[in-house]
Each structure stands twice: as structure tokens, then as C-alpha cells.
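A note on names: the letters A, B, ... follow the listed sequences, proteins ahead of strands, and every chain is numbered from 1. Note that this is a predicted model, so its numbers are computed, not measured.
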Amino acid sequence: MIEVADLRKVFKLSKRDMKKEKTAQKEKVAVDGISFKAEEGQIFGLLGPNGAGKTTTLRCISTLIKPTSGIIKVSGFGVSEQPENVRKELCFLTNELKLDTHFTPAYTIEFFGRLYGMHKREILARKKELFARFGIDEFENMAIGELSTGMKQKLSIAVSLVHDPKVIIFDEPTNGLDIITAKSVTDYLLEMKRIGKTIIISTHIMDVAEKLCDKLAIIIDGKITIEGSVEKICNETDKVSLEEAFFSLYAKNMEGREKYV
Amino acid sequence: MFEMIGVIVKKELRRLFTDRRLIFTTLILPPVMLVVLYGIIGLGASSMISDVEEHKSVIYTVNAPDEILDMLKGSETLLNEIEFDEIESVKEQIKNGTADVLLEFDPKFHDKVTNYKSMEMPFLNTYHNPSEDYSSSAYYIVSSLLNQYENILLGERMGSMAYANVFEIDGSNPDPTVVDDKKASGKFLSMLLPMMITIFLFAGAMSLGPDSIAGEKERGTMSTLLMTPVSREVIAFGKVISLGILAFLSALSSFIGIIVALPLLAGSLGGEMGIDIGNYVNYSILDYIMILLILLSMEGIFVGLISVASVIAKNVKEAGTYLMPIYFVVMIAAFSNMYSTQTPEMLEYAIPVYGSILALKSVLNFEMPAIGLLANIVVSVLVTVGLVSLIKVLFEKENVMFNQ
Ligand SMILES: Nc1ncnc2c1ncn2[C@@H]1O[C@H](COP(=O)(O)OP(=O)(O)OP(=O)(O)O)[C@@H](O)[C@H]1O
Ligand SMILES: [Mg+2]
């Protein structure tokens, strides 16, 4: 289970960042006080436009970056207090995390297994299972650099799952994948959900959110505007589809913003 | 914790040893280059010397007295007697290297020499080209012949040869150069080796460090590592230790290159300086241990500096720009030590890097004071510890670790 309470993340902007973002402000509030709970056996989705703060939230949960304020607990471990235990509980999947292209899949998974404190036997058993599941076994002794993009992506997933984590965090799970690979990834997530894993994904694709998530939080400008199942969101906004609900919420948010300015 | 550091170090070593390109550029190329380079310099120098020795000097004379001609014929030279009006063309030949020496004697040389009481002193003009090796060596031969001739004439004037020779230099001395072979070799080695080892050590670490830290950040593999339950401290230590090992191996391979190459160089240059490369082995185990300690503690500083620069940098290229000035400073420290001959002050040993090079030099010269060694190693270790703690702090900083 993951509990996020009043999470805020403020980035200090360097001069170069300020130029890039075309702003005179020295700080960027990427996540502005969000709270939610993701339960076991459910897929929780963070849905939002570009720059809403989805990746930042997931990185805070994964302990890659530290929250400016707020509390995050993963299986009861606080991210600031016991980051190592948190990392044992979860895996974080994203395009940004890469594997050294020089090594083979077999060596890579063994190396990471060792870093998770696993024994060689355990690792080998897990490798066999995961590589068979993702169809990597034929390629396990090739250099990673020689694998196709889809195969690399699958390998990343397999490697992150080596320690059989209770929590799976996946930033944009289908991004950049063809529909076949994308389907094998979403199928796997559903399978994991069925065996009781806690899963959080981020996406800006309505279709993915609708088909995959049991619960959703729509996040705009670092704030959660609505939370619940797709059905609940449609009811509350009085719209027939998630897409329409999203647009109306987004429009409302922009209105509110103009009032402030 | 140590187990995890071990896992990371093993991976880093595997990274290098399974990469043929990296093995070649860090372990094989540098020593091979050294051997080839020194071999060429050594061969060039010795072939130049023997070439000059074999060359027959081309000497032109105008109005030379018979005694001189006989003496010149006795030495192995190509002698040409010419007329006064040919002087200019021979001078031209000397200038372009086809002739070596021209001697223009007074037309009445013989008369004036014999009737020295009533006549003025005869003139003798010599021409040679100091920018040509053949000409220089021919001039040297001719000058000594002329000196001998002058002595003979003086002897004739005074009635006996014995009056003309005031003293005899090394006439019956079989061994005029007195050097302590051990010290001479030490001097030679202590001039070159500390400088070279220092530069190799830094260059070795510099060729690997940026890639192992900044490169991992740039390629996104560092984040993957940071996602494992191992603490960042452990990752930092693993990186620093493996860099230390690899840099040492790379310096070692260069060092072996020098050991092979030095005889090639010294064989041609050193022979005359009384240097016997066999004297390497004159260093005792204690000397080697001191060298190892100094090197390891200095390497700590290098690896620390290179790691700090590589952690701060966004990518390999940026790390390179940060490291260039540091490399430069290390080179200056190395070169400034090369020719210093004074016995160093105790405090100089306590200057990081500079002191280490100085200490290496002192050990190779058989004059390392124990306090200096201690001061040097303590300072180096302290600086290393400081740098490693800095790396630890930097690894915790998200704006440093994720600054892509
Ligand atoms: N390290 C950083 N320094 C400064 N600003 C940052 C940093 N990381 C993210 N931001 C800013 O914080 C905001 C939220 O970014 P985030 O990556 O969380 O968005 P996102 O919801 O994942 O968007 P996307 O759909 O584009 O991936 C953006 O405006 C981004 O520019
Ligand atoms: Mg994102």
C-alpha cells in the first residue's frame, strides 16, 4: 500500500532552467500538496497533461528525489526515514532508467539481483521465470545494445522486477511502444494486480487510464482535481466519458487561473 | 555494505575487462606507445652518433704547410687542396653541408713561423658550420690537430718538446670518470620516473573516471543503480574504489612500458653518463614499499578529484572540461620537480601531489627522511578522505545526481 499525504515538491530553478521555462521565478512548484492512497490488488492511475507533476510524484515515491514537504509511506516505510526499505518494496519503471548496453541481459539481471541482496539460486530461478514471460530467453547472451527497442523495454521491466516487489510504479507504461508490445506490458500489469500487487501508473492517454485503472486521480498543475473510479469521475462531473470529464476539469482549472492573474 | 561495494567494484572491473576497445586504449596502447616512442628516440640518437663517427670529414685547405697536410692525411679525412680563388665556392659548400671545414693559411705561413723573430705572426682562417653535425665534429678534429701542431712548433722554438708541455691530462689515467653507479642511475631515474608515473596515474584515472560516473548519469544507467536498495554511499564508494583499481592498473601498464623502453633510451644516451639500467634492482624492498605507499595515497587524491568533477558534470564532455585545468596543475607539479636539485624542506612534502612527487624523487635518490614520508602520506590520506566525503554528499544531492 502507498499513502501520500500533502506532498509538495518545489524545484529551485537554475538560471538556465529559468531561461528554458521562460520565467523569472526562482522556484517551480511541480507538485502542490497532493494526497492519495493506492491499495493492494488495484491499479491506481495518475492522469494529467504534460508538466502536471506526475513523474515528479512518482520519483518522490521511489525515493529518487526528496519531497519538499509531506509524507509518503510505502508498505508502512517512510521515504525520508527508510529509503532503502522503500526501494526493496517497490520497483520504478520509466524510460529514463537505462541499462548498460555493453552487458548481456543475463549478467544485468544477475547484477541487479545481487544489489537487492538476493542469492544466486534465487536470481537464476527468477531470471528463468521473467525471461520466459517476456520472451527474452533467446537473447539473454546478446549485448543489450543489439536488442530492439521493444526488447530493451521488456528487459528493463524484467530487471526491475527481479526482487519480486510488492509495489510496481510505472511512469507512462506504454510510451513509445508498438501496440503489441504495449499490450504485453498492460497484460502483465493486470496479471500483477490479480496476484495482489499495488500498482501506480502515470499516463496522459485516456484509453490507458480507462482500461487499466481501478482508481484515478486527475492531476493538473500539481494538484489533484478529482479522484475515484472512472464511473465516479463521470458521475461527479456529469459527463459521459472520461475524456469529456477531463476536458471540463481542465477548462475549469484554466478559468480559475485567469481569475488569479 | 562491503559485500555490496564488492558487487559494484566487480561490475566495474568486468565493464573494462570485457570491452576490447577499453582494454586496448587504457592498458595496451599507452605502454606500446611509450616503447615505440622511446625506441625511436633511442635508435635515432645512437644511429646519429655512429653515423657521425663513420663519416669521413671533407676538409679543404689553402696554402697549407706540408706538416699540416701530413697530419691531416694521418687522420681519416678527405683532404682537398685548393687555390685562393676557390674559397668562396667552398664556403658555399660548407653552408649547405657538402664540405665540412676550410682552412685558409697565410701564403707565407712557413716562413713567418720559422722566422718569428723578424716577421709578423702568420694568419690562419678557419671556416665551419656549427649547425651541421659532420662539420662540427670535423672542426673538433682539426682544432685538436692544430693544437698539436702548435705545441710541436713551440717545442722547436724552445729547443725541446719537454718545454712546450707544461702538464699532461689523463695521459696514464685509465678511468677518468668517477661516478657512483648506483647514485647516477638513481639520479637519472629520479628525474624522469616520478614525473612520468604521476602523469600516467592521473591520465589513467582521467580516461576512465568521467565515463564511469558522468557517463552513467548521461546514459541514464546511474538512476537505475540509485533505484536499488543499496545506499548512495555504497555506490559512491564502489565507483571510487573501482576507479582507483583501474587507474592503478593503467598506470602500472604504462610503467612496465617505461621499464621496457628506458634501456632503449638510456642505452644510447645513458651509456656515456655511466648509467647502468641493471641498477634498478638496487632499490630495496623498503624502497618499493615506500614508493607504493606514496603512489597509492597520491592516487587517492587523483581519483577523488576526478570523481568529484565527474559527479558534478552533466556529461562526459563537461567532466573533461573540468578536469583539463586540474590535469594541467598536476603536470606543472610534476615538471617543476623534474630539475629541482636542492634537498627539499620537510614542509614541501606536506603539499598534496607536489609533495608526493617530491617524495618519490627522494626515495629514488636514496634520501627519503621518515618524517617527510609520514607527513606526505598523512596529508594525502586526509585530502582523499575529504574528497570522498564530498563525493558522498554530492551523491545525496538530487540536483547534482539528476542534472541532465
Ligand atoms: N529537476 C527539475 N528542475 C526543475 N523543474 C523541474 C524538474 N523536474 C520537473 N520539473 C518541472 O516540474 C513540472 C512537472 O514535471 P513532471 O515531469 O512531473 O511532469 P509530468 O506530469 O510527468 O509531465 P509529462 O507528461 O510531460 O511527463 C514541469 O513543469 C517540469 O518542468
Ligand atoms: Mg512525466
Check: A:K66 side chain, B:E398 main-chain N or O, donor-acceptor pair, under 3.5 Å: no
Spacing of B:E3 atom CD and A:L115 atom CG [to the nearest 0.5 Å]: 10.0 Å
Worked check of side chain to side chain contact (heavy atoms under 4.5 Å, CB included) between B:L226 and A:T63: CA-CA 9 Å; B:L226 296 180; A:T63 75; over 6 Å; no
A:K12 portion near chain B, given a 4.5 angstrom heavy-atom threshold: neither
Contact origin within A:F103 toward chain B - heavy atom pairs under 4.5 Å: side chain
A:I71 atom CD1, neighbour heavy-atom count above 12 within 6.0 Å: no
Among the listed options B:L225, B:V234, B:N399, B:T228, the residue most often paired with chain A at heavy-atom distances under 4.5 Å: B:T228
When A:E84, A:R114, A:H102, A:H163 are compared by non-hydrogen pairs under 4.5 Å with chain B, the top option: A:H102
Closest contact, heavy atoms only, B:P229 versus A:K88: CG-CG, 3.5 Å
A:T101 side chain near B:T221 side chain, heavy-atom distance below 4.5 Å: no
Residue selection (most heavy-atom pairs with chain A, distance under 4.5 Å) from B:M4, B:M227, B:K10: B:M227
Heavy-atom pair with the smallest gap, counting every atom of B:F402 and A:L64: CE1-O, 3.2 Å
pair A:Y116-B:V230: side-chain heavy atoms closer than 4.5 Å: no
Spatial distance of atom NZ (B:K11) from atom CZ (A:F112) [nearest 0.5 Å]: 6.5 Å
Heavy atoms from other residues, nucleotides or ligands near CE of B:M324 exceed 12 (cutoff 6.0 Å): no
NZ/A:K152: more than 12 non-hydrogen atoms of other groups inside 6.0 Å: yes
Interchain contact, B:E216 with chain A, by part (heavy-atom threshold 4.5 Å): neither
Quiz item: cation-pi between B:R14 and A:F111, 6.0 Å / 45°: no
